[in-house]
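The structure appears right after this line, and notes come after that.
Side chains included, hydrogens not; waters and symmetry mates left out as well; all remaining heavy atoms used. Throughout, a chain's letter reflects where its sequence line sits, starting with A, and its residues are numbered from 1.
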There are 2 protein chains.
Amino acid sequence: MSEQPELTIQGWGPRPADDGSAGLEAAVPKAARRYLGRELGWTPRPTPAVPVAEIRLGPSRLPDAARTALIELLGEDAVSTDRESRLRHAGGKSYLDLLRRREGDASEAPDAVVRPGTTEETAALLSLCSARGIVVVPFGGGTSVVGGLAGVDADDRPTVAVDLSRMASVQALDVPSSLVTVGPGLRGPALEEVLGREGLTFGHLPQSWEFATLGGYAATRSAGQSSTGIGRFDELVAGVTLATPSGVLELGHPPASAAGPDLLGLALGSEGTLGIITELRLRVRPRPPASSYEGWSFRTWAAGLAAMQRLARHDLLPDVVRLSDSDETRANLLMAAGAGAKALRGSLRARGHGQGCLLVLGWEGLPDLVRARQRAAASLLRDGGAVRLGRRVGESWRRNRFSAPYLRDRLLDGGLLVETLETAATWTALPTVYDATRRALRESLTRGGHAPLVMTHLSHGYPTGASLYFTVLADRDDALPIQQWLTAKRAATDALLAAGGTLTHHHAVGADHRPWLEREVGPLGVEVLRAVKQRLDPNGICNPGVLLPD
Amino acid sequence: MSEQPELTIQGWGPRPADDGSAGLEAAVPKAARRYLGRELGWTPRPTPAVPVAEIRLGPSRLPDAARTALIELLGEDAVSTDRESRLRHAGGKSYLDLLRRREGDASEAPDAVVRPGTTEETAALLSLCSARGIVVVPFGGGTSVVGGLAGVDADDRPTVAVDLSRMASVQALDVPSSLVTVGPGLRGPALEEVLGREGLTFGHLPQSWEFATLGGYAATRSAGQSSTGIGRFDELVAGVTLATPSGVLELGHPPASAAGPDLLGLALGSEGTLGIITELRLRVRPRPPASSYEGWSFRTWAAGLAAMQRLARHDLLPDVVRLSDSDETRANLLMAAGAGAKALRGSLRARGHGQGCLLVLGWEGLPDLVRARQRAAASLLRDGGAVRLGRRVGESWRRNRFSAPYLRDRLLDGGLLVETLETAATWTALPTVYDATRRALRESLTRGGHAPLVMTHLSHGYPTGASLYFTVLADRDDALPIQQWLTAKRAATDALLAAGGTLTHHHAVGADHRPWLEREVGPLGVEVLRAVKQRLDPNGICNPGVLLPD
């Protein structure tokens with residue numbers, strides 16, 4: 001298996017060699033920098049992260065007796081309290097996480113990192129921690145963007161991060177049943193490597209694919225870029241093993257069952273609050289023999305939305321769907337350097353699509369079926385006023401599908417606020433959710449007469465609605481950057497919920513969204529979740545800082 | 001809206017005019033009767049139901065004060081304690097239910113029938129019944145075949161059936177979002193009538209379609225005959241309102257959400273044990289412009305299974321899939337009278353498929369896509385040794401898709417044991433589950449040297465596996481008919497679980513399967529369900545006789 005890359009402590013990709021401004025210049029074309037400067041009132045300035053050696057970290061609070069018991073259970077090598085291990089498991093990769101780590105704050109760092117190797121060890125670990133009052137935060141890829149690894153505990157008990165990297169193998173492959181059994185610490189690239197040898201694929205490709213783990217996808221109800229075609233991660237899970245302080249649950253009975261309420265659906269999205277997923281049974285598929293990615297353009301966002309709705313209604317959405325609004329389209333075209341991009345911009349202007357909306361569609365499957373679906377969809381798209389731009393635009397998106405978080409590091413180096421948020425709503429509510437969220441973000445983040453840049457795309461499409469993904473760029477408030485974003489995030493979340501959006505379509509609740517969970521599921525819904533947690537985790541040691549409001 | 005037909009108290013369809021043997025003769029062709037007589041050692045004999053007037057029913061145990069309080073809440077017209085109402089709400093339509101009702105036993109009858117008209121009334125009703133210790137059994141279509149309406153209570157408290165027929169309207173239709181909001185008492189035909197006017201369809205068509213309600217489908221995780229294409233009922237539910245003794249839950253956020261564990265999935269399949277579903281938001285779709293039903297034949301069951309697995313793996317299964325084993329195929333061909341059937345039998349024999357397995361495939365959708373999928377599937381099927389029989393076989397199945405329960409009444413009139421059971425398993429486990437279940441049924445039901453007839457079909461197909469549906473015919477033990485079936489059912493259930501099948505794929509748990517729930521979800525899984533129930537229904541008044549073991 002290939003060597004797995006590691007996320008850096010203060011960002012996504014490697015740190016630039018110098019003070020950071022050269023990194024920004026290499027990552028963002030001049031025209032785009034000028035545009036951002038003008039729009040945002042932003043002056044590019046080096047705002048580098050403090051050196052890792054200067055990150056502040058208190059001493060481990062893990063009691064000696066607990067450390068000894070953990071070592072007895074898991075072995076000396078599987079229990080770490082050193083600075084490097086603790087820093088590597090401090091929080092996730094949200095804008096707020098990165099701000100804190102770049103400023104030298106690692107207060108979310110666990111007191112220790114433990115690495116169980118089996119379901120049995122994990123169950124024993126949870127039982128031990130429950131008895132000793134030690135908080136447990138499961139750690140998969142560490143890519144949470146919603147504070148899923150916050151490790152905050154109202155009782156301020158010592159905390160261990162449970163690193164799942166030792167449980168990262170492909171345990172069984174049942175080819176006739178299209179099922180693979182894996183450990184929770186396995187990452188997508190390693191899984192695809194094993195499946196590829198059998199002509200199979202899993203196909204779940206979120207932006208965090210290089211680093212995130214399969215257990216993490218399950219715990220957070222992830223959705224990949226091809227979710228429109230192959231389904232959300234939760235739809236690809238046939239079963240999980242969930243170790244809890246009260247014992248081990250084996251959940252899910254493929255292919256389907258009517259034997260009572262769905263307990264598997266309680267483990268999915270539980271974000272470590274009920275226990276730790278120690279094994280997953282996932283649906284795989286044959287590698288599609290044909291794939292075709294193409295670009296289209298609409299004159300307006302409304303026309304694009306209407307066409308997507310019609311495709312969805314007639315079950316003609318392809319595997320990948322990404323409709324960018326005009327703000328995102330303009331920024332994407334500015335970011336794409338080179339002659340091809342220039343020609344494309346010219347051609348769009350000539351067709352009256354200069355302020356248009358780009359659509360990327362990706363089709364996969366048997367060649368005849370791909371062609372038949374493409375033809376049927378093309379006819380609906382043309383009826384909706386779309387212009388076909390061809391494969392180059394589609395392939396360009398596909399090449400860069402994992403690049404945004406690397407770019408974010410460079411934008412942070414240069415003094416920008418960069419964050420994303422997402423929701424989903426019915427087709428009927430979608431335009432209102434779009435307007436309300438943008439307005440809230442723009443009102444909250446306008447500084448010195450300059451509004452932020454809010455770029456939006458519709459990605460995951462369903463018959464009943466779709467998700468919206470917002471990327472926000474603004475001139476950072478260097479004095480109070482955390483407060484600046486918290487205020488904007490609060491305004492945006494209030495607005496999107498009021499307009500009928502869901503609290504989160506695929507980023508999960510974490511610490512950041514938990515004040516709103518009750519608005520999403522109601523007070524009695526929260527009580528039901530508490531009753532389940534109380535039964536499985538009576539001492540409340542399982543990731544108490546996330547999901548459920550205090 | 002058309003008049004809705006009513007199920008009869010002792011069966012599915014209307015009673016025959018005379019002693020029943022003429023009914024049997026009209027319903028079953030002579031060749032089939034002879035075949036059954038020879039195979040089962042069965043002598044056709046009139047075993048008619050006792051007249052309805054002779055069904056034994058004790059006096060209502062509902063206390064006067066409770067009756068007064070119910071009338072105060074719901075109105076005089078919405079509270080019934082008369083004999084006819086109580087008999088019409090006594091149990092469901094399993095073989096055991098029908099045996100009991102035909103013998104004059106209505107001991108499961110509720111003490112009263114109440115008919116709330118709104119969510120608020122239902123919530124108030126549950127709160128009232130919880131305070132007064134009155135057991136509540138929700139009643140939709142009354143079509144349960146697993147004792148879902150058993151109304152058994154360990155504390156022997158008075159019981160009311162909550163008839164949902166007053167909450168049976170289409171409340172809202174959001175065409176762009178493909179969502180319809182309905183009351184739980186609405187039936188499929190009435191929903192299709194409303195949707196048809198808008199060019200839409202819901203498409204969920206189980207065998208009970210004429211009588212079952214949408215709320216019942218949700219409470220039992222139903223699957224319709226087109227589930228392979230459009231999905232199980234639970235996949236078509238965007239949200240439900242669940243009234244419980246502790247308050248009202250609004251569950252589900254279309255199109256999808258990552259905001260924590262799936263609470264909607266707890267309401268689905270809850271079989272009335274957590275409360276009563278008072279509203280459903282369902283996904284609809286445009287009426288498919290093309291549909292094509294066709295028949296195929298395989299020489300053997302194993303060849304048929306292998307071909308279905310390959311279709312599933314390559315995402316080429318159509319909307320309807322039904323592969324009958326050779327026992328079911330032979331019986332179906334004997335039941336089909338007329339020249340066409342005779343010619344088909346001859347043609348199959350001539351091709352060496354005299355002991356073959358019939359396959360019905362139903363394709364629906366846009367004409368071009370239906371053709372492209374049919375072509376791709378046909379190529380895989382021919383590679384797997386299948387012979388195409390054409391549309392007549394497919395259309396014949398389609399015409400008779402709801403007829404089996406009517407036929408069952410007539411077979412019961414003539415002294416037969418007739419029951420069905422079902423399960424699902426992965427493609428890998430399916431052959432073992434098939435063999436083990438058949439063997440258990442045959443061993444248990446062999447009488448006087450005659451084995452029962454066990455007919456099986458694969459219906460609902462998934463990438464990871466499929467369901468198996470068994471129909472059992474045997475010479476009834478007139479002295480101990482209930483014991484005869486209970487023994488066989490126990491043996492079959494033990495066998496299919498041991499072989500890796502699920503307890504139930506679409507009939508639900510009810511009273512009949514609850515002794516095995518712990519084997520399906522484990523003791524801790526049962527404890528989680530109990531914790532949820534305890535929070536929502538602390539006095540245990542909600543359908544205590546089903547789902548959860550005592």
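Both the backbone and the side chain of Val175(B) come within contact range of chain A, judged by heavy atoms closer than 4.5 Å. Heavy atoms of Ile230(B) lying under 4.5 Å from chain A are absent altogether. Looking at Leu316(B), only its side chain comes within 4.5 Å of chain A, counting heavy atoms on both sides. Contact annotation for Ala259(A): both backbone and side-chain heavy atoms come within less than 4.5 Å of a heavy atom of chain B. Using a 4.5 Å cut-off between heavy atoms, Arg530(B) makes no contact with chain A at all. For Ala219(A), no part lies under 4.5 angstrom from a heavy atom of chain B. When heavy atoms are compared at a cutoff of 4.5 Å, Arg373(A) approaches chain B by way of both its backbone and its side chain. For Ala425(B), the part lying under 4.5 angstrom from a heavy atom of chain A is the backbone only. Looking at Ala466(B), the atoms closer than 4.5 Å to chain A (heavy atoms on both sides) all sit in the backbone: N, CA, C or O. For Thr244(B), the part lying near chain A is the side chain, with the backbone staying farther off; criterion is any non-hydrogen pair under 4.5 Å. Of the two parts of His513(B), neither the backbone nor the side chain holds a non-hydrogen atom closer than 4.5 Å to a non-hydrogen atom of chain A. Proximity to chain B is absent for every atom of Leu282(A), based on heavy atoms less than 4.5 angstrom apart. When heavy atoms are compared at a cutoff of 4.5 Å, Ala508(B) approaches chain A by way of both its backbone and its side chain. Interface residue Leu268(B): only backbone heavy atoms are found under 4.5 Å from chain A.
For residues 307-315 of chain A, a heavy-atom distance under 4.5 Å to chain B picks out Gln309(A), Arg313(A), His314(A), given by residue number. Taking non-hydrogen atoms and a 4.5 Å limit, the residue list of residues 515-523 of chain A in contact with chain B, ordered by number, reads Leu517(A), Glu520(A), Val521(A).
Scored by the salt bridge (charged side-chain N to carboxylate O under 4.0 Å, His left out) test, Arg281(B) finds Glu250(B), Glu279(B) as partners (sequence neighbours excluded). Among residues two or more places apart in sequence or in another chain, the salt bridge (charged side-chain N to carboxylate O under 4.0 Å, His left out) test is passed with Arg371(A) by Asp368(A).
No side-chain heavy atom of Leu249(A) sits under 4.5 Å from any side-chain heavy atom of Leu263(A).
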